[in-house]
Number of protein chains: 2
Amino acid sequence: MLENLDLDVRMEKEEWDAVSDGLKQKLGVLQQRIRALKIPMVLVFEGWGASGKGDKISRLITNLDPRGFSVHSILAPTADERRFPWMRPFWQALPTYGDTAIFDRSWYRAVSVARDEERLTRRDLNHRFDEIVDFEQQITDDGYVLVKFFFHISKKEQKKRLKLLDDQKSTRWRVTKADWDHNRRYGEYLEIFDEMISRTDRHNAPWTVVASTDRRYATWKVFTTVIGAMEQAIERKENGYEKPFTGIRVSDDIKTLPAPRLREIDLSVTIAEDDYRKELKDCQKRLSELHNELYRRRIPMILAYEGWDAAGKGGNIKRVAAALDARGYEVIPIAAPTALEKNHPHLWRFWNALPKDGHVAIFDRTWYGRVMVEHIEGFCTDEEWGRAYDEINRFERGLAEWGAIILKFWLHIDKDEQLARFTDRQNTPEKQYKITDEDWRNRDKWDDYEKAVDEMLLRTNTAYAPWIVVESNDKRYARIRTLKAIIAAIEARL
Amino acid sequence: MLENLDLDVRMEKEEWDAVSDGLKQKLGVLQQRIRALKIPMVLVFEGWGASGKGDKISRLITNLDPRGFSVHSILAPTADERRFPWMRPFWQALPTYGDTAIFDRSWYRAVSVARDEERLTRRDLNHRFDEIVDFEQQITDDGYVLVKFFFHISKKEQKKRLKLLDDQKSTRWRVTKADWDHNRRYGEYLEIFDEMISRTDRHNAPWTVVASTDRRYATWKVFTTVIGAMEQAIERKENGYEKPFTGIRVSDDIKTLPAPRLREIDLSVTIAEDDYRKELKDCQKRLSELHNELYRRRIPMILAYEGWDAAGKGGNIKRVAAALDARGYEVIPIAAPTALEKNHPHLWRFWNALPKDGHVAIFDRTWYGRVMVEHIEGFCTDEEWGRAYDEINRFERGLAEWGAIILKFWLHIDKDEQLARFTDRQNTPEKQYKITDEDWRNRDKWDDYEKAVDEMLLRTNTAYAPWIVVESNDKRYARIRTLKAIIAAIEARL
């Protein structure tokens, strides 16, 4: 692919002078419209060392309003970043709707330079490619404009440029040993880049390979490509284009397991008071030991709690948390998204809340809000809802691939039990803060929620992130059930 | 101080059993009220290794709603953290109003363990103490409840505990070489801790030294101290206590320089078109070289832009940014604070936006909003306004101490020039987005703003963070003036 590119293509000064002012002006005007329409953009600059990525970024942003974009230089991950999933920095850097993020090197570093440096296995490399494709699919589905440049120069041209930089005192520090090494092993790197491009060149996220020998031509190519992408996005938005709803999306590569339906759950199970006290003590002691082991071996754990209002999530979480070392866990309550969160893809805020390796994150409500309350209340479109299943499954697959133990609990009670608890809360002064009008409104939609939960269990129950429906009419029984499930999952891993 | 503490104090089991249930219940109830009243809490756990900090934190949080707090374990700063001011992680970890942050070790690590490890000079140590006192003053002024524990045990007791941990396979990893080293050098560390406590024991942020030989006693001490602090804070809030306004606060330790008054500025200065083109090119070339040097020497730079509406901030910033390497700067537009930002001290969002060392942050409007728009529009109380000058001066002093070059620009135009520009914007279709009703409303308050700006220049003009009033009736003149000031400041440093 790269080999066939004509690297000698040039643009004469007169040609450039004739069009440059117009292009620059257009960039500025289009950016204002992009911002006004709240369209987010992600621009990726990849390519050989000294191929002119930095120069092109500078030329581009000189023509943009500096308040609307940020530039991210991607180097090898820091020690801190290595304790999280490798895609996390890129999720965190996603621009707010209406803003632009420019990446000088990007997630593609992980499948090019890092692939070589870390001597990645083929299996790990494949997973990284999968995650890149998933990520780009999600953000483009979400309305992000994604433009990916690869700046290509010949081995000889690169050598010439490195030498020029190396010869000048003020620029010498920019040339690293790695740069020279890549130049020596140009052929190997050509294959690496070729594979990188061909495996991630998709309709929704195409590569623009730029012959970068001639600066004017390369600049022209960047300007016109960005302008084209902006014009297309503006046209779509202004014409009110919406992706059609094509049903619930669960791709073939996600292997879901059978799941129970809520109606089949036997809620009559109970535990005697004495047994409860003994079991609780034993379980907490065991979990406490196991948490030490997780910490020592740097295994992250993610506990996701969902369930009916008043099903006992708070008390259940408290019993689990009490067994954990305070320095190694966090409880993350999930409420309605903030304005900032609404201006990002729905999974963004969960990426921001992931635990470090060796730590435990307990989510009190989760990313499943999208296929429950947000779907039922109409806070997302049907199309967004339909693809959320795939997005969630892939999110969890990435976490499992990273090494996380993932358990998802649905705390289940029946309608009568909920009524009894609501009434009790209403009538007990110190519990009144726990019950709101919204709880009553949700209760009226019990059947809608039951349908949504059944769908969720069916579509997102996987071996690496299983759902456990916890019989919770007896709160004590539920707590022991949850603790035992967590203990079993950790023991299975160790 | 520590030497005089009676370490043999104990609590018998019967005593503890008689009060423990009551204390636990009280903690839970008070936490709910604290949350409802939106009072934030910061609890600091310091002390010897193996003195039981972690155990006390666990016992405390078992009785709290896990959705309302986070626990931060403070270790040596990571490589990434070392590229920012040392207090930044603690600012970032400040809880939202109504939440609680618990620190297992804290900013005090920097003046105890790190002081020893890094062989800090007396000068640097003094600065760290200053910054700690400033920080604690700011957050307690802001309404945070701050409780600081120091857990004290004898050399013999510590040795016994370390041995016990070391003997068991499951806990051995918790004991480090440093722990044993501190035990051997107990006397030296006693002096270090003593100085740490005595220099930071203030009325607004007192230390509670806990004799930690006996676990029951230490737990009781922690519970009752936290309960007492919560009760006091609740009472104040419920009784509507407000700190009185005592005027503008600028402490003696801040050396301010003389500053011009806006009326004295000669706005008739201009530059000819040809000179402008030449100077712009020369300045940008020079700044570009200097930016390389800053990057290489890892010197951070902070450019703060303030000025009248339509004074030309955007265009000015653009000319500066065009000279910088895209990978090494960021423009940070400051708008009205978000809901999250409003639920933190006013400087919090600026701590979150600081540049790495070697990078440039350009703030388009700044932390001076508090003493201008927020004061004039009544978005903060007079008391908050009065102490903001001190807070801002200290914030900037800390940044300068870290090594940052700081320049603050007031882009100045007169009232007639503003009217001409507003009218031009109104009448030019592609500029209309730049003019809003708010601009006109602000214009009506010109005199109030002028008074506020004069006050600001007078109170916050310092050698390490000087104000430069930029004559901006001629935009081109203003751009060259700014570029030259930046160049001069960098040259003076290098």
Side-chain angles (χ1 to χ4, degrees), chain A residues 28-29 32 35-36 45 53-73 78-81 83 102 104-105 170-171 173-174 288-289 292-293 295-296 314 317-333 338-340 362 364 430 433, chain B residues 28-29 32 35-36 45 53-73 78-81 83 102 104 170-171 173-174 288-289 292-293 295-296 314 317-333 335 338-340 362 364 430 433:
Chain A
V29 171
Q32 292 302 342
R35 295 195 69 190
F45 287 72
K53 295 187 295 294
D55 173 65
K56 298 311 160 298
I57 292 175
S58 290
R59 280 169 201 268
L60 181 69
I61 65 182
T62 302
N63 299 293
L64 303 178
D65 182 339
R67 288 171 280 201
F69 67 83
S70 56
V71 178
H72 305 269
S73 278
T78 64
D80 208 42
E81 285 171 348
R83 300 196 60 184
I102 296 173
D104 177 10
R105 297 216 182 275
S170 70
T171 54
W173 60 278
R174 287 176 175 264
S288 174
E289 292 162 6
N292 251 322
E293 272 304 295
Y295 194 78
R296 213 169 60 84
I317 289 173
K318 212 162 167 173
R319 281 14 176 242
V320 172
L324 304 175
D325 185 320
R327 290 166 280 200
Y329 80 89
E330 197 174 356
V331 177
I332 300 136
T338 64
L340 186 69
I362 304 176
D364 182 357
E430 65 269 29
Y433 77 93
Chain B
V29 171
Q32 291 303 341
R35 296 195 69 191
F45 287 73
K53 295 186 296 294
D55 173 64
K56 296 312 161 295
I57 293 174
S58 289
R59 280 169 201 268
L60 181 68
I61 65 182
T62 303
N63 299 294
L64 302 178
D65 182 339
R67 286 171 281 199
F69 66 83
S70 55
V71 178
H72 305 270
S73 278
T78 63
D80 208 41
E81 285 170 347
R83 300 196 60 185
I102 297 173
D104 177 11
S170 70
T171 53
W173 61 278
R174 286 176 177 263
S288 174
E289 291 162 6
N292 252 322
E293 271 305 293
Y295 193 79
R296 212 170 60 83
I317 289 173
K318 212 162 165 171
R319 278 18 176 238
V320 172
L324 304 175
D325 185 320
R327 289 166 279 200
Y329 79 89
E330 197 174 354
V331 177
I332 300 136
T338 64
L340 186 70
I362 304 177
D364 183 356
E430 65 270 28
Y433 76 94

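Letters go in sequence order (proteins before strands), and every chain restarts at 1. What's counted below: heavy atoms across the whole structure, side chains too, no hydrogens, waters or symmetry copies. Note that this is a predicted model, so its numbers are computed, not measured.
Heavy-atom pairs under 4.5 Å with chain B peak, among A:Ser70, A:Gly68, A:Ala339, A:Gly54, at A:Gly54. Ranked by heavy-atom pairs shorter than 4.5 Å toward chain B, the options A:Arg59, A:Arg296, A:Arg319, A:Glu330 are led by A:Arg296. Among B:Gly314, B:Ala326, B:Ala36, B:Ala79, the residue making the largest number of heavy-atom pairs under 4.5 Å with chain A is B:Ala326. Chain A forms the most heavy-atom pairs under 4.5 Å with one residue out of B:Ile61, B:Asp55, B:Val29, B:Leu60, and that residue is B:Ile61. When each of B:Asp364, B:Asn63, B:Thr78, B:Leu340 is checked for heavy-atom pairs under 4.5 Å with chain A, B:Asp364 comes out on top.
Here B:Lys318 contributes atom NZ and A:Thr62 contributes atom OG1; the two are 8.5 Å apart, rounded to the nearest 0.5 Å. B:Asp80 contributes atom CG, which lies 7.0 Å from atom CG of A:Asp80 (distance to the nearest 0.5 angstrom).
In terms of the salt bridge (Lys or Arg N to Asp or Glu O under 4.0 Å) criterion, B:Glu81 has no residue partners (sequence neighbours excluded). With sequence neighbours left out, the side-chain contact (heavy atoms from CB on, under 4.5 Å) criterion links B:Asp104 to A:Arg327, B:Lys53, B:Ile57, B:Ser73.
Residue B:Leu324 comes nearest to A:Ser58 through the heavy atom pair O-OG, 4.2 Å, listed as atom of the first residue, atom of the second, then distance.
Heavy-atom distances place no part of A:Ile362 under 4.5 Å from chain B, backbone and side chain included. Both the backbone and the side chain of A:Asn292 come within contact range of chain B, each with at least one heavy atom under 4.5 Å from a heavy atom of that chain. B:Ile332 does not touch chain A: none of its heavy atoms, backbone or side chain, sits under 4.5 Å away. Of the two parts of A:Thr338, neither the backbone nor the side chain holds a non-hydrogen atom closer than 4.5 Å to a non-hydrogen atom of chain B. For chain B, the nearby part of A:Gln32 is the side chain; its heavy atoms alone come within less than 4.5 Å.
Ring pair B:Tyr295/A:Trp173 is tilted by interplanar angle, where 30° to 60° counts as tilted.
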